[in-house]
Amino acid sequence: MPANRILVLIGAGSAVFTRGLLADLISADDLGSWELRLVDVNEEALSVAERLAQQMAAARAADGRITVRSSTDRRAMLPGADYIVTCVGVGGRPAWQADHEICMQHGVFQPVGDSVMPGGISRLLRTVPVMVDIARDIAELAPDAFFFNYSNPMTANIQAMTRYAGVDVVGLCHGMHHVQRELAAFAGLPFEETSTLYAGINHLTFIYDFRHNGRDAWPLVRERMERELAEPADPADIGSIWENGKAWHNPFSWEIFRRYGAYPAANDRHVVEFFPERITAGAYYGKTLGVDAFSVPEILEWGENRYQGMRAQADGEVPLDETVFDRSTGEQEQLIAIIRSITFDRREMFSVNVPNHGAVPGLSDTAALEIPGVATARGLRPVAVPDLSAPLTAILARRLTSVDLAVEAAMTGSRDLAVEAVLLDGAVRDPDAAAPLMDALLTAQKRFLPNFR
């Protein structure tokens with residue numbers, strides 16, 4: 001094993017991710033020494049992340065094994081990298097909030113807005129060109145590095161970086177990891193004794209096979225689902241941001257399961273956005289999406305509070321929260337497990353977002369799909385999923401059409417293609433309504449859209 005390996009984290013101002021990654025690296029004694037290079041265009045957020053990282057390393061006497069550097073110049077940090085991770089959010093929480101408010105003003109209600117529907121398309125337009133520029137730098141300066149992306153919209157980013165920069169990039173998301181565990185808990189089974197088969201696009205991945213020690217475990221799931229949904233819903237369970245393990249917390253996803261025999265990850269908060277034709281004015285089981293169901297202001301406030309808490313720790317205003325060493329959010333835990341599997345060629349399986357290349361018949365080879373992948377010393381190797389049902393394949397194919405058009409709009413700066421992408425998405429079906437909505441989004445996010453003139 002090399003004495004010192006280099007991991008470059010681009011978007012390190014997302015201090016929540018940086019903190020979790022450091023905690024996991026510090027705990028991974030078997031992976032040896034690391035140089036962690038933090039990159040962000042926001043100097044203040046980058047400084048917070050660096051100071052917090054240094055405090056964490058010192059707190060666990062790991063500063064001799066883990067060194068931390070930072071820069072706003074990613075090109076200066078890329079040469080020599082062994083691993084590169086992107087978790088970029090162009091415009092941050094303010095841009096997310098603007099998308100949310102503008103969409104509501106035009107009658108579109110979303111619980112997230114990071115992947116699809118007009119809010120997701122707006123994020124795509126400002127994010128894809130940045131991700132392609134980053135990928136081009138990686139192709140030039142660190143072509144042999146293992147490249148992982150966490151930035152949303154995942155599907156669009158992977159497709160665009162692959163097409164326009166020619167890089168091998170693997171998208172990672174904690175959603176599948178969490179839902180697999182939640183299904184096991186829902187069925188009352190030890191997670192380690194369960195297995196799944198699945199295929200989809202990020203935030204709409206269909207788990208169509210679920211087993212316990214090789215035997216079909218869906219009957220256990222169905223029994224509890226039917227029993228719980230037969231009881232009246234507790235309004236507190238409807239639209240809560242935080243998972244509680246109850247069937248009524250994800251009634252829409254369970255309805256999909258009833259109809260298609262497959263459970264969609266990553267639960268209602270994301271899944272409903274892929275079926276906008278079933279949402280009228282955001283109506284969701286007696287509540288309104290993004291307002292009192294999966295409240296966007298609530299999640300934005302939570303994110304800001306977490307950041308300010310970490311800033312206070314970095315500034316020494318409050319003691320370092322060392323409980324982060326005792327648990328993981330799941331995102332970084334998967335990344336470290338993948339690095340370990342690559343390092344020791346363990347060939348363990350993970351959910352990955354990669355170009356299809358025939359893994360799922362009936363979908364474009366260039367489509368970025370979320371499918372199983374094996375982490376080897378030569379990188380991630382996707383696993384073929386030849387038996388996804390025709391109806392589920394058709395749903396995915398329909399959702400991918402808008403992504404293709406929106407990526408083209410982002411790279412060419414075409415307002416007209418952006419409007420067409422909104423129409424293909426399905427949340428807005430009237431061209432006379434789609435155009436002013438897109439114009440409002442383009443105006444609000446103008447400083448993040450240099451391709452649009």
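FYI, side chains are in, hydrogens and waters are out, and symmetry mates aren't considered; it's all heavy atoms of this structure.
- Taking a cutoff of 4.0 Å between a charged side-chain nitrogen and a carboxylate oxygen, Asp99 and Arg123 do not qualify as a salt bridge.
- With Tyr284 as reference, Phe294 is the one residue of Phe109, Phe252, Phe275, Phe294 to meet the ring pair (Phe, Tyr, Trp, His ring centres under 6.0 Å) rule.
- Residues Trp302 and Tyr307 place their aromatic rings such that the two centres sit no closer than 6.0 Å.
- Minimum interatomic distance between Ile134 and Val88 (heavy atoms only, all atoms of both residues): CD1-CG2, 4.0 Å.
- Panel note: side chain Asn353, backbone Gly171; a donor-acceptor pair is recorded below 3.5 Å.
- Rounding to the nearest 0.5 Å gives a distance of 6.0 Å between OG1 of Thr366 and CG of Asp404.
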Where do Glu101 and Gln97 land on the side chain to side chain donor-acceptor pair (under 3.5 Å) test, with the steps shown first?
CA-CA 6 Å; Glu101 292 175 351; Gln97 182 174 349; 2.9 Å; yes
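- Looking only at side-chain heavy atoms (C-beta outward), Leu335 and Asp24 stay at 4.5 Å or farther from each other.
- Nearest heavy atoms, Pro129 versus Met411: CA-SD, 4.1 Å.
- Closest non-hydrogen pair, Ala418 versus Ala409, comes out as N-CB, 3.6 Å.
- Separation of atoms OG1 (Thr196) and CE (Met176) is listed at 5.0 Å; rounding is to 0.5 Å.
- Note on Arg93 versus Glu304: salt bridge recorded, some NZ/NE/NH1/NH2 to OD/OE distance being below 4.0 Å.
- Here ring pair (Phe, Tyr, Trp, His ring centres under 6.0 Å) pairs that include residues 352-386, with residues two or more places apart or in two chains, number zero.
- Counting only N and O atoms by type, the side chains of Arg51 and Gln54 include no donor and acceptor under 3.5 Å apart.
- Nearest heavy-atom pair, Asn250 versus Asp268, reported as atom, atom and distance to 0.1 Å: OD1-N, 2.9 Å.
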Candidate pair Leu125 and Phe448, rule side-chain contact (heavy atoms from CB on, under 4.5 Å), full reasoning:
CA-CA 9 Å; Leu125 296 178; Phe448 303 119; over 6 Å; no
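- Both tests pass for Arg181 against the ring of Phe191: distance under 6.0 Å to the centre and angle within 45° of the axis.
- Between Glu408 and Arg163, at least one side-chain nitrogen of the basic residue sits less than 4.0 Å from a carboxylate oxygen of the acidic one, meeting the salt-bridge criterion.
- By the 4.0 Å N-to-carboxylate-O rule, Arg378 lies too far from Asp345 to be salt-bridged with it.
- Of the possible polar contacts, one joining the His249 side chain to the Trp242 backbone as a donor-acceptor pair under 3.5 Å is found.
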Decide yes or no on side chain to side chain donor-acceptor pair (under 3.5 Å) for Gln334 and His174, but give the supporting numbers first.
CA-CA 8 Å; Gln334 273 212 110; His174 65 280; over 6 Å; no
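- No side-chain heavy atom of Thr72 sits under 4.5 Å from any side-chain heavy atom of Val41.
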Would you check, one step at a time, whether the test side-chain contact (heavy atoms from CB on, under 4.5 Å) holds for Leu172 with Ile338?
CA-CA 10 Å; Leu172 300 178; Ile338 290 172; 3.6 Å; yes
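- Ring orientation note: the planes of Phe148 and Phe146 are close to parallel, at an angle under 30° on the 30°/60° scale.
- Listed by chain and residue number, nothing satisfies the ring-ring contact (aromatic ring centres under 6.0 Å, His included) test with Tyr198 (two or more places apart in sequence, or in another chain).
- Counting only heavy atoms from C-beta outward, the side chains of Asp144 and Asp82 never approach each other to under 4.5 Å.
- In this structure, Thr155 OG1 and Asn202 CG are separated by 5.0 Å, a value rounded to the nearest 0.5 Å.
- Between His203 and His270, the ring planes are parallel. Angles under 30° get that label, and only those over 60° would be called perpendicular.
- No side-chain heavy atom of Val39 sits under 4.5 Å from any side-chain heavy atom of Leu9.
- Note that the OG atom of Ser364 and the CG atom of Asn356 stand 7.0 Å from one another [nearest 0.5 Å].
- Judged purely by distance below 3.5 Å, without hydrogens or angles, the side chains of Thr412 and Ser414 never pair a donor atom with an acceptor atom.
- By the 4.5 Å heavy-atom criterion applied to side chains, Val291 and Met104 are counted as neighbours.
- There is a side-chain donor-acceptor pair under 3.5 Å between Asn244 and Asp237.
- Scanning all heavy atoms of the two residues, the minimum distance from Gly119 to Gln110 falls at N-OE1, 2.7 Å.
- Looking only at distances, a side-chain donor or acceptor of Asp40 sits under 3.5 Å from a matching main-chain atom of Gly13.
- Residue-environment remark: CG (Asp168) stays at or below the threshold of 12 foreign heavy atoms within 6.0 Å.
- Using a 4.5 Å cut-off on side-chain heavy atoms (C-beta onward), Val85 and Ile10 make no contact.
- Atoms CG and CZ, from Leu392 and Arg259 in turn, are 13.0 Å apart once rounded to the nearest 0.5 Å.
- Side-chain contact, Ser71 with Asp73: no donor N or O sits under 3.5 Å from an acceptor N or O.
- For Ser341 (side chain) and Arg347 (main-chain N/O), a donor-acceptor pair under 3.5 Å exists by modelled atom type.
- The residues Lys287 and Asp292 are annotated as not salt-bridged, no charged nitrogen and carboxylate oxygen being separated by less than 4.0 angstrom.
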Assess the residue pair Glu35 and Arg69 against the criterion (salt bridge (charged side-chain N to carboxylate O under 4.0 Å, His left out)); give the C-alpha distance rounded to whole Å, side-chain angles, the decisive distance to 0.1 Å, and a yes or no.
CA-CA 8 Å; Glu35 179 182 312; Arg69 296 173 53 197; 3.0 Å; yes
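- Around the CD atom of Glu277, the shell of radius 6.0 Å holds more than 12 heavy atoms that belong to other residues, nucleotides or ligands.
- Of the possible donor and acceptor atoms, none in the side chain of Ser47 sits under 3.5 Å from a partner among the backbone N and O of Glu44.
- Residues Phe147 and Met161 form a side-chain contact, since some pair of their non-hydrogen atoms from C-beta on lies under 4.5 Å apart.
- Under 3.5 Å, the side chains of Thr343 and Arg5 contain a donor-acceptor pair of N or O atoms.
- Of the possible polar contacts, one joining the Ser402 side chain to the Ala421 backbone as a donor-acceptor pair under 3.5 Å is found.
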Does the pair Val128 and Tyr164 meet the rule for a side-chain contact (heavy atoms from CB on, under 4.5 Å), with working shown?
CA-CA 10 Å; Val128 157; Tyr164 290 96; 6.0 Å; no
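- Looking only at distances, no side-chain donor or acceptor of Ser122 sits under 3.5 Å from a matching main-chain atom of Pro118.
- For the 3.5 Å distance criterion, the side chains of Asn267 and Ser253 fail to qualify, holding no donor opposite an acceptor.
- The line from CD of Gln313 to CE of Met56 is 9.0 Å long, rounded to the nearest 0.5 Å.
- Residues Val8 and Tyr83 form no side-chain contact, since every pair of their non-hydrogen atoms from C-beta on lies 4.5 Å or further apart.
- Taking both residues in full, the closest heavy atoms of Ala28 and Arg340 are given as CB-NH2, 3.5 Å, listed atom of the first, atom of the second, then distance.
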Could you give me the CA-CA distance, side-chain angles and deciding distance for Arg136 and Asp133, then say whether side-chain contact (heavy atoms from CB on, under 4.5 Å) is met?
CA-CA 5 Å; Arg136 286 170 174 162; Asp133 284 345; 3.9 Å; yes
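- Between Arg74 and Glu140 there is no salt bridge, since none of the side-chain N atoms of the basic residue sits less than 4.0 Å from a carboxylate O of the acidic one.
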